[in-house]
Amino acid sequence: MLDRIDPYGVLELTPAEMTQFIGELDVLVENVQNVGEHRVLDAIRGLAGRCLVDSDLRLRFVGD
């Protein structure tokens with residue numbers, strides 16, 4: 001899932017994709033040393049968790 005994020009494009013993930021996305025985020029968080037990066041990833045995980053339980057939500061990544 002994380003490898004689909006394009007820094008120049010748009011990626012929209014659905015609630016059906018959140019379980020895999022959250023799992024990949026958890027692996028990424030384990031390898032992050034920087035506190036700032038850890039906070040950002042935690043915030044993204046929180047949004048993904050909300051999306052997981054609400055079928056009306058989507059998580060969208062918009063590149064430059």
Side-chain angles (χ1 to χ4, degrees):
M1 214 49 65
L2 290 173
D3 62 342
R4 291 176 42 204
I5 297 174
D6 180 357
Y8 302 106
V10 176
L11 174 66
E12 185 171 289
L13 300 175
T14 66
E17 298 170 299
M18 286 302 115
T19 301
Q20 179 182 348
F21 181 70
I22 290 170
E24 290 180 17
L25 274 179
D26 288 344
V27 171
L28 186 60
V29 166
E30 291 176 7
N31 296 307
V32 170
Q33 301 292 325
N34 183 293
V35 174
E37 291 175 356
H38 198 276
R39 286 184 185 148
V40 169
L41 292 173
D42 281 342
I44 294 170
R45 192 182 190 292
L47 293 172
R50 288 180 55 197
C51 185
L52 178 65
V53 298
D54 188 339
S55 62
D56 292 330
L57 296 178
R58 303 287 184 270
L59 190 58
R60 181 180 292 181
F61 295 90
V62 180
D64 284 341

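- Considering only residues two or more places apart in sequence or on other chains, Thr14 meets the side-chain hydrogen bond (donor to acceptor under 3.5 Å, both in side chains) condition with Glu17.
- Residues that satisfy the side-chain hydrogen bond (donor to acceptor under 3.5 Å, both in side chains) test with Gln20, not counting sequence neighbours, are Glu24.
- The minimum heavy-atom distance linking Leu11 with Arg4 is given by the pair CD1-NH2, 3.4 Å.
- We find the CG-CZ distance between Leu47 and Phe21 to be 9.0 Å, quoted to the nearest 0.5 Å.
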Identify each donor-acceptor pair in which a side-chain atom of residues 55-62 lies under 3.5 Å from a protein atom, sequence neighbours left out, and give them as a table.
unit_1: Arg58; atom_1: NH1; unit_2: Ser55; atom_2: O; d: 2.9
unit_1: Arg60; atom_1: NE; unit_2: Glu12; atom_2: OE1; d: 3.0
unit_1: Arg60; atom_1: NH2; unit_2: Glu12; atom_2: OE1; d: 2.4

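- Every residue two or more places apart in sequence or in another chain was checked for a side-chain hydrogen bond (donor to acceptor under 3.5 Å, both in side chains) with Asp6, and none qualifies.
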What donor-acceptor contacts under 3.5 angstrom involve side-chain atoms of residues 25-36, with partners at least two apart or in another chain?
unit_1: Asp26; atom_1: OD1; unit_2: Arg45; atom_2: NE; d: 2.6
unit_1: Asp26; atom_1: OD2; unit_2: Arg45; atom_2: NH2; d: 3.3
unit_1: Asn31; atom_1: ND2; unit_2: Val27; atom_2: O; d: 3.1
unit_1: Asn34; atom_1: OD1; unit_2: Gly36; atom_2: N; d: 2.7
unit_1: Asn34; atom_1: OD1; unit_2: Glu37; atom_2: N; d: 3.0

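- Hydrophobic cluster membership of Val53, counting Ile, Leu, Val, Met, Phe, Trp and Tyr whose side-chain heavy atoms lie under 4.5 Å apart directly or via other members: none, as it forms a cluster of its own.
- Note that the CG atom of Leu52 and the CG atom of Leu13 stand 12.0 Å from one another [nearest 0.5 Å].
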